[in-house]
Chemist: 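My structure is below; once you've seen it, I'll send some questions.
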Amino acid sequence: MTEIDAPLAIVGMTVSMDELIRLGIAFAAIIMFVAANAMGLVYAERKIAAFIQRRPGPYEVGPHGILQIFCDVPKLLSKQLLRPSHADPFLFWLAPVLAMLPILVLFLPLPFSPLLTGWNPDLGLLLILAFSGVHVLSVLLAGWSSNNKYSLYGAARGVAQNVAYEIPLLMAVLAIAFQHGTLSLSSIVDSQGSMPWQWNIFTQPLAFCIYWVSVFGETNRTPFDLAETESELTGGFHTEYSGMGFGLFFMAEYASMVVVCAVAATLFLGGWKGPFYDGVWWLLAKTYALLFLMMWVRWTYPRIRIDQLLTMNWKWLIPLATLNLIGTVVLMKVL
Amino acid sequence: MKIFKHIADLWSLVVGLLITGKYFFCKKPTVYYPRQVIEPERTRDFRGPIELVGTDADPRLPRCIGCMLCVQACPNNCIRIEKAKPAKPTPEEIQAMKEAAERGEKAGRAAASGASKVPAVWDYDYSLCCLCGACVETCPVKSIAFSHEIYLASQNREDFHLDLLARLRRKGGQLCSGCPNSDSQGRQPGQAGTKQAAAQTARDERATGKNNAEARG
């Protein structure tokens, strides 16, 4: 295969034709995976919420309401896209797109299995951390351009929260990177064993706890959904969005949940490895188990105040993550 | 050490998760109306639209003595009662009155036949009712009670103008199916107590409402 000058050649890299094809297939698969997951997870979330509250949830459309989502999606798709009269049109419509697009990139370096890896760069972990930071920009743009005080409040909270929670998240992930001496997700999976006690959660339990708390802040999920807070800010940063403008934010939220859970499964729970028959099913099972836990948490705990949220981050998570990181470094040097 | 207490308090998070986790798996109490209805005995505590209570002698006739206290007590004016005209005095009564007059006793018609204590019309506009229960508390003869009608629903405002006398006749006919004067609308005794009874009553009510509307129109 001949080497061609691809867009990536700008940064001094060359990409071969089959790598480009592989990337194209990976993106197509990722988009389908994200869309299917968003639909399935909305249904799952509604059912789990209902069951926890002793309700049946969606029940009337199809057996046990399984077809409910096929009513909701056309509704979202066909609704009129409204823009407030004094909103900035460019930034207003840029925000939902900016929320969705970087999420797709996050799936690229995830090793679903040795074969099912879109792209395996040496800096996969860094890629995920860098692109997940774009999400906060979309929250800010949406809140700012909506020309609505509630949206602006939501955006301000979202930024304060996202910026703060990125730090302990990063440090928890760094501890794993230091332990294995690599930022490649595939290498981190390779260095974990098949058996549960060989997974990183046993060598880095504190890092896992810090990571798990931080992802709630990063994905704006209850109890840390202060950027949305439908009871106080009527939806926060996405108050003014209708139809698929809101739909994209919604999809981005569920897609980012899948990403953080898949990354947690990869870094801490052995990725696609399991006690028997290694493969993609192990990663999916772990990811969905973590997603279930995330929804379970959402429907159990009340939303906390912004000062409590930031206090918890700055006074607990960051010091703990720092200690954990220092401990890991010292241990790695000594051993 | 305060810090250890904070860490120990984290256990409450697990307790919360266990509680919601338990609810996740427990049986759901939802009843899928209209495919299912709840058993009548479970509606016993439900205080629905008011209904008349029949006398012990004849459950198809109300205890109501037409005193109008409930009409005055009702904050929303949703009760309308019209008393029956006093029965015409029989010839014997007229004779007795005449005789009494001749004896110089002051005896009007009222003394002979008595003022009517029987309500002829007992209309109840449920669309106005706030279910405060003032009428139930006021009634001196305990003729008004909250019904346990939980499935009363309609898209037609007229359906909530209830004729409680007709309702009581139907209900009383149900209770004493052997009564010779049993209302033709009264349901068969076999239907009482079945699961569909509540829904059936709701349908009856709607039918009654339509009849009333026709009668008014």
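All values derive from a computational prediction rather than experimental measurement. Chain letters run A, B, ... following the sequence lines, proteins first and then strands; every chain starts at 1.
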Chemist: Got more than 12 heavy atoms from elsewhere within 6.0 Å of CD1, B/Ile3?
Modeler: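 Counting neighbours around CD1 of B/Ile3, 12 or fewer heavy atoms of other residues, nucleotides or ligands fall under 6.0 Å, so no.
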Chemist: Quick one: does A/Trp296's side chain have a donor or acceptor within less than 3.5 Å of a partner on B/Leu17's backbone?
Modeler: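 Yes, A/Trp296 side chain to B/Leu17 backbone: donor-acceptor pair under 3.5 Å.
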Chemist: Taking CG in B/Asp45 as the centre, count heavy atoms belonging to other residues, nucleotides or ligands within less than 6.0 Å. Is the count above 12?
Modeler: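 Incorrect, the count does not exceed 12.
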Chemist: If you compare all heavy atoms of B/Lys28 against all heavy atoms of A/Arg55, which two are closest, and at what distance to 0.1 Å?
Modeler: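 For B/Lys28 versus A/Arg55, the nearest heavy atoms are CD-O, 3.7 Å.
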Chemist: Are there more than 12 heavy atoms of other residues, nucleotides or ligands under 6.0 Å from atom CZ of B/Phe46?
Modeler: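 Yes, the 6.0 Å shell around CZ holds more than 12 heavy atoms from other groups.
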Chemist: Could you give the distance from NE2 (B/His6) to CE (A/Met312), rounded to the nearest 0.5 Å?
Modeler: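 Going from the NE2 atom of B/His6 to the CE atom of A/Met312 covers 12.5 Å.
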Chemist: Considering non-hydrogen atoms only, spot the tightest contact between A/Pro56 and B/Thr30 and give its length.
Modeler: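 Minimum heavy-atom contact is CD-OG1, 2.9 Å.
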Chemist: For A/Phe51, which of B/Tyr23, B/Phe25, B/Phe24 qualifies under ring pair (Phe, Tyr, Trp, His ring centres under 6.0 Å)?
Modeler: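 Of the listed residues B/Tyr23, B/Phe25, B/Phe24, the ring pair (Phe, Tyr, Trp, His ring centres under 6.0 Å) partner of A/Phe51 is B/Phe24.
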Chemist: At a 4.5 Å cut-off on heavy atoms, which part of B/Leu13 comes close to chain A: side chain, backbone, both, or neither?
Modeler: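 Answer is both: backbone and side chain atoms of B/Leu13 are under 4.5 Å from chain A.
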Chemist: Identify which part of A/Gln53 has an atom lying under 4.5 Å from any heavy atom of chain B, answering side chain, backbone, both or neither.
Modeler: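 Neither part.
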Chemist: Below 30° counts as parallel, above 60° as perpendicular, anything between as tilted: where do the rings of B/Tyr32 and A/Tyr59 land?
Modeler: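 Correct class here is parallel.
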Chemist: Might you point out which heavy atoms bring A/Arg54 and B/Lys27 nearest each other, and give the distance in Å?
Modeler: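 A/Arg54 and B/Lys27 have their closest heavy atoms at NH2-O, 4.2 Å.
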Chemist: Return the OH to OG1 distance between A/Tyr301 and B/Thr20, rounded to the nearest 0.5 Å.
Modeler: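 Rounded to the nearest 0.5 Å, the OH-OG1 separation comes to 7.5 Å.
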